[in-house]
Trainee: 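Sharing a structure here in structure tokens format.
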Amino acid sequence: MGYNFNEIEQKWQQRWRDNKTYRVVENSEKEKFYVLNMFPYPSGAGLHVGHPLGYIASDIFARFKRLQGYNVLNPMGYDAYGLPAEQYAIQTGQHPAITTEQNINRYREQLDKIGFCFDWDREIRTCDPEYYHWTQWAFIKMFNHYYDNTTKSSRPISELVEKLSKEGSANIDAACTKEVNISAAEWNAMNEKEQQELLMNWRIAFLNETMVNWCPQLGTVLANDEVVDGVSERGGFPVVQKKMKQWCLRVSAYAQRLLDGLDKIDWTDSLKETQRNWIGRSEGTEMQFRIKDSDIEFTIFTTRADTVFGVTFMVLAPESELVAQLTTAEQKEAVEAYLDRTKKRTERERMIDRNVTGVFTGSYAINPLTGENIPVWVSDYVLAGYGTGAIMAVPAHDSRDYAFAKHFGIEIRPLIEGCDVSEESFDAKEGIMTNSPTAAFAACKLHLNGLTVKEAIAATKKYVTDNNLGRVKVNYRLRDAIFSRQRYWGEPFPIYYKNGIPTPIPEECLPLELPEVEKFLPTESGEPPLGHAKMWAWDCVNNCVTNKENINNETIFPLELNTMPGFAGSSAYYLRYMDPRNNKALVSKEADNYWQNVDLYVGGTEHATGHLIYSRFWNMFLFDLGVSVKEEPFQKLVNQGMIQGRSNFVYRIKDTNTFVSLNLAKDYDVTPLHVDVNIVSNDVLDIDAFRAWRPEYADAEFILENDKYICGWAVEKMSKSMFNVVNPDTIVEKYGADTLRLYEMFLGPVEQSKPWDTNGIDGCHRFLRKLWGMFFDKNDNYIVTDEAATKEELKSLHKLIKKTTEDIPAFSYNTTVSAFMICVNELSSLKCNKKEILEKIVILLAPFAPHISEELWEITGHTTSVCDAEWPAFNEEFLKEDTIKYTISFNGKARFTLEFAADATNADIEATVLADENSQRYIDGKPIKKVIIVPKKIVNVVI
RNA sequence: GCGCCUGUGGCGAAAUUGGUAGACGCGCCAGACUUAGGAUCUGGUGUUGAGAGACGUGUAGGUUCGAGUCCUAUCAGGCGCACCA
């Protein structure tokens, strides 16, 4: 019978379920280890062979840590709310709750077959009210907090209110939407609605009328990370800029902490770099410019304060409020025409079209240093959302300003010695400054001539600060996250509108459950589907949801109609896994103190600027509140590579039903066609299967080479349309889950993207059969003995122990699998069937191939699970050689070989080499001067 | 444009971190056992050469007794950010 993997795997999967082998409880006696995968959004397509890669990798790690004696948390759940789940439901014409449930069941079935050690008792789903209770709770907390820049943490909004009522805004240094100057008297004179509206300026979760990414086809607004190249990440639909009132999260308040935190965590440099780019810290200067013949003053931001003498025009973003104020009567028509034109363009059109456009406002600004008059223009190359939405333009040293100046014939004034600006601007931040105005500008005492750019920037900053012309400022590219979606399938906001004032429902009334609606489809006009919900008003007396027909203006108010975006539920889920059934708190203090944060997080890079920013932000906020004990949620992060598809092609001769084999195809006029990879083996087509595959190929003819039809191949995305999707279920059925697990790891480094190629899988399968063959002979007789192991056998074993113990923590799984194969090859050629050796190998293999390991563990006479075994320690003694061969080489070429005792010292070796008759102290007739000894390998000589 | 990463046989990839390439697996070749085999087992397999040997880690230099590994330049591919002032 041999190795019957199907039977073995089903048996053990059942036992693990029945015995709850992988259930984990807090245990202060044991050290914890928290392994986490990015939980999946359960798509309708089910798993393909690429999806489990990260799960297998982390499962191996989790099992390894458990064998080493750690208390390992390795949970799994589903990111079930959000756009993808809802889009799928819409496409299939079903309710998202139904499709989500179906998809989850399908996922679970597929996952179970692969033999993961997840503690399913801790499963969470983001669309489960018990779960989103705490998403809503966190939102209320954010609503009730502001970010204090002095303590660098979130504080209760009540503290801010108290300050405002006593001191006004004078002593407030807090993250805000707009700088506000208000006295205590003014604050106290405001009515409640006015006060509440002003407080939005500081809340971490706040309502704001702002330019947003509006996607008409999806019928919702999107966050910046959900828009790629001007189209929606999901679906690829056009996105336009639109001013809308939306809930936002003040992520920008945490920009600096998000940046600093990167130094404390163990992530790849490239991912940290991506986040640094996204946060986009830029240090510069803000300067005030006055408008000639007016009291209007405005602020610009620049990183090149040193170029202030080269400013020949100013530019405002079209959306800037200053445009209207600065436009003169003569320019009014031209400016309005320009604004009209820019407004109509989508984000994408603006990105593609880089032609220089702009219009003069008619106003002049005064250079605060020189007193010069500078024309103020409007152009869409200046962005409203960054800096102050206004710039000083220095065409000599900024390529965009240069293009603009050339186009409109504005002066270009170089400031750096020897730079040539006749053809292009000199953007580099290097060189020696020149052309500083001297006698002509008596007002200005700043002279930069002779300084380097760096010195000049510093000098100008100092001058500007000292003379009250501006201030040093740090800007971030990171924007606040737009948090509302005009969609159905998401967490409802726990907010009602009491006379227009957004008010959180009491925390003890959470969760606020998603209501049933008749029509959940999104609309192009942006009317949220929750508008159709009948039971969608808040009764402040009975503290419950009620029919919206009951709305009155005293006790029953309308509830918020928007829902939260996909990232809301995925931002703090790792905390919930610690204590998933707690209905008193997101996570209990005890559980949080025990599990702390995620030690190893495994997932794809595609979340670099979305989920991985949001959850760091969310966790930092909870950290400020004292809810989370660690400021960074994910200590170590490993990005598994994407598994691509490996497509196969057949070549049909044009206008025929004849197919020609790959290497003969060049002689014909052929059309390459994708063919299902499941009917191709080692690029050889199964002709009968091909004829049966599709009716039109039933009578296909073939031109063969060596009696075979060879297919072409290419690496492409794994997708149904390319017929290159490989389903893990098929592999499990044919080879078993253990083989699948081994092979996925053997394919190459986990972090690397690589194509899936089922061809190599036999090697891994053979290895398991070989291992099985060490326990049973051909007639299924148990052949393991209690004899003592030989030195050679022990050496082979300990080599493997050392390799696995060192390579698993380094995530070097492909070489570990190789090491298993080498070891088993060695032992089987030694005809080793000693229990002492074999049962150790079974433990070592358990993380990779848990089913066969359990089976063999039981067969060798153990009654407990192999999961509870102890990871073997290696003994260096067994690894030592008696003698070591050294190659004596000169100039990199081997001359002769000498053998030394393993414990020979360098001095011994050197003495022997110098005295050896082969060398006779001479090489090529010259005496040896020096001997360089490389441990265990080579002796290099110098003559 | 700025930043990050990667280039090794027919293929996936190793290389004790500067130690004398290509481990392991696939594929291919030969042999054994088989009525048969897309099964199993054994051996071979970087290129070139009859041969000892010579040449080989994208390309060109450099450092070193010694370079896939370090330095400089360059080419190719991938990723991130991008009218961010």
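Treat the numbers as computed from the prediction; the structure is a model and nothing was measured. Order of the sequence lines fixes the chain letters, A, B, ..., with proteins taken first and strands second; residue numbering starts at 1 for each chain.
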Trainee: Whole-Å distance between B/C79 C1' and A/Trp267 CH2?
Mentor: 17 Å
Trainee: What interatomic distance, in whole Å, is found between P of B/G9 and the corresponding atom of B/C41?
Mentor: 29 Å
Trainee: I'd like to know if the side chain of A/Lys717 pairs up with that of A/Asn724 as donor and acceptor (distance under 3.5 Å, no hydrogens or angles considered).
Mentor: no
Trainee: Under a 3.5 Å threshold, yes or no: a donor from one side chain and an acceptor from the other, between A/Ser812 and A/Thr815?
Mentor: yes
Trainee: Quick one: do A/Arg646 and A/Asp683 make a salt bridge, cutoff under 4.0 Å?
Mentor: yes
Trainee: Measure from the side-chain heavy atoms of A/Asn759 and tell me the nearest of B/A13, B/G25, B/C26.
Mentor: B/C26
Trainee: When rounded to the nearest Å, what value does the distance between C1' atoms of B/A60 and B/A76 take?
Mentor: 15 Å
Trainee: Against A/Cys711, only a single residue in A/Ile679, A/Val684, A/Val680 fulfils side chain to side chain contact (heavy atoms under 4.5 Å, CB included); can you say which?
Mentor: A/Val680
Trainee: Using the P atom as the reference point in each nucleotide, state the distance between B/G53 and B/G58 in Å, no decimals.
Mentor: 26 Å
Trainee: I want to check one thing: is the phosphate of B/A13, taken as OP1 and OP2, less than 4.0 Å away from some side-chain N or O of A/Gln752?
Mentor: yes
Trainee: Looking at the angle O4'-C1'-N9-C4 for a purine or O4'-C1'-N1-C2 for a pyrimidine, is B/G9 syn or anti, with syn meaning within 90° of 0?
Mentor: syn
Trainee: Rounded to whole Å, please give me the gap between CG in A/Asp777 and C1' in B/C41.
Mentor: 16 Å
Trainee: Would you classify A/Val382 as touching base, sugar-phosphate or nothing, given that sugar-phosphate means primed atoms plus P, OP1 and OP2, and contacts are heavy atoms under 4.0 Å?
Mentor: base
Trainee: With a 6.0 Å cut-off (strictly less than), is the heavy-atom count around CD of A/Glu806, excluding the residue itself, greater than 12?
Mentor: yes
Trainee: Would you kindly compare A/Ser818 and A/Asp686 by the position of their nearest RNA chain B nucleotide and give the one closer to the 5′ end?
Mentor: A/Ser818
Trainee: Rounded to the nearest Å, what distance is computed from the CE atom of residue A/Met821 to the P atom of nucleotide B/C26?
Mentor: 7 Å
Trainee: Take atom C1' in B/U72 and the same atom in B/G1, then report the distance between them in whole Å.
Mentor: 23 Å
Trainee: Identify, between A/Gly748 and A/Leu271, the residue whose nearest nucleotide on RNA chain B lies closer to the 5' end.
Mentor: A/Leu271
Trainee: Do A/Lys795 and A/Glu826 meet the salt-bridge criterion of a basic N to acidic O distance under 4.0 Å?
Mentor: no
Trainee: Just N and O in the side chain of A/Tyr386: are any of them under 4.0 Å from OP1 or OP2 of B/A85?
Mentor: yes
Trainee: Between A/Arg304 and A/Asp427 (salt bridge meaning N to carboxylate O under 4.0 Å), is one present in this structure?
Mentor: no
Trainee: When you compare B/A23 with B/U47, how far apart are their P atoms, in angstrom units rounded to a whole number?
Mentor: 13 Å
Trainee: Counting only Watson-Crick or G-U wobble pairs whose two distances fall under 3.5 Å, which nucleotide matches B/U59?
Mentor: B/A73
Trainee: For B/C79, take OP1 and OP2 only and decide whether either is under 4.0 Å from a side-chain N or O of A/Asn639.
Mentor: no
Trainee: Looking at B/G10, which nucleotide sits across from it as a Watson-Crick or G-U wobble partner, both distances under 3.5 angstrom, or is there none?
Mentor: B/C26
Trainee: Under the rule syn = chi within 90° of 0, otherwise anti, which is B/U17?
Mentor: syn
Trainee: Determine the Euclidean distance between corresponding P atoms of B/U6 and B/A30; express it in Å to zero decimal places.
Mentor: 41 Å
Trainee: In the structure shown, which nucleotide is the Watson-Crick or G-U wobble counterpart of B/G51, with both distances under 3.5 Å?
Mentor: none
Trainee: Across all strands shown, which nucleotide pairs with B/A85 by Watson-Crick or G-U wobble geometry, both distances under 3.5 Å?
Mentor: none
Trainee: Pairing check on B/G80: which nucleotide meets the Watson-Crick or G-U wobble criteria with it, both distances under 3.5 Å?
Mentor: B/C2
Trainee: Phosphate oxygens OP1/OP2 of B/A39: is one of them under 4.0 Å from a side-chain N or O of A/Arg769?
Mentor: no
Trainee: Could you work out the separation of B/U69 and B/U16 based on their P atoms and round it to a whole Å?
Mentor: 13 Å
Trainee: Looking across every strand, which nucleic acid part, if any, lies under 4.0 Å from A/Ile391 by heavy atom: base, sugar-phosphate, or nothing?
Mentor: base
Trainee: Report the base-pairing partner of B/U20 (Watson-Crick or G-U wobble, both distances below 3.5 angstrom), or none.
Mentor: none
Trainee: Sort out the partner of B/C33 for me: Watson-Crick or G-U wobble, both distances under 3.5 Å, none otherwise.
Mentor: none
Trainee: Show, in sequence, the C-alpha distance, side-chain angles and deciding distance for A/Ser282 and A/Tyr476, and conclude whether the side-chain hydrogen bond (donor to acceptor under 3.5 Å, both in side chains) test is met.
Mentor: CA-CA 6 Å; A/Ser282 131; A/Tyr476 300 91; over 6 Å; no
Trainee: Looking at B/A14, I'd like to know if its phosphate oxygens (OP1 or OP2) sit under 4.0 Å from a side-chain N or O belonging to A/Asn814.
Mentor: yes
Trainee: What nucleotide among B/A85, B/A14, B/C24 has an atom nearest to a side-chain atom of A/Pro749?
Mentor: B/A14
Trainee: Please determine if a side-chain N or O atom of A/Arg766 lies less than 4.0 Å away from the OP1 or OP2 oxygen of B/G25.
Mentor: no
Trainee: With P as the reference atom in both, quote the distance from B/U40 to B/G25 in angstrom, rounded to an integer.
Mentor: 14 Å
Trainee: Using a 4.0 Å heavy-atom cut-off, does A/Leu383 contact any base of the nucleic acid, only the sugar-phosphate backbone, or nothing at all?
Mentor: base
Trainee: Starting at atom CG of A/Asp683, determine the distance to atom P of B/G38, rounded to an integer number of angstrom.
Mentor: 16 Å
Trainee: Take the protein atom NZ of A/Lys708 and the nucleotide atom C1' of B/G37, then report the distance between them rounded to whole Å.
Mentor: 12 Å
Trainee: Whole-Å distance between B/G37 P and A/Asp762 CG?
Mentor: 18 Å
Trainee: Does A/Arg276 have a side-chain nitrogen or oxygen under 4.0 Å from the phosphate oxygens OP1 or OP2 of B/C4?
Mentor: no
Trainee: Tell me: CH2 of A/Trp713 to P of B/C26, nearest whole Å?
Mentor: 18 Å
Trainee: May I have the distance from A/Phe820 (atom CZ) to B/C24 (atom C1'), rounded to whole angstrom?
Mentor: 13 Å
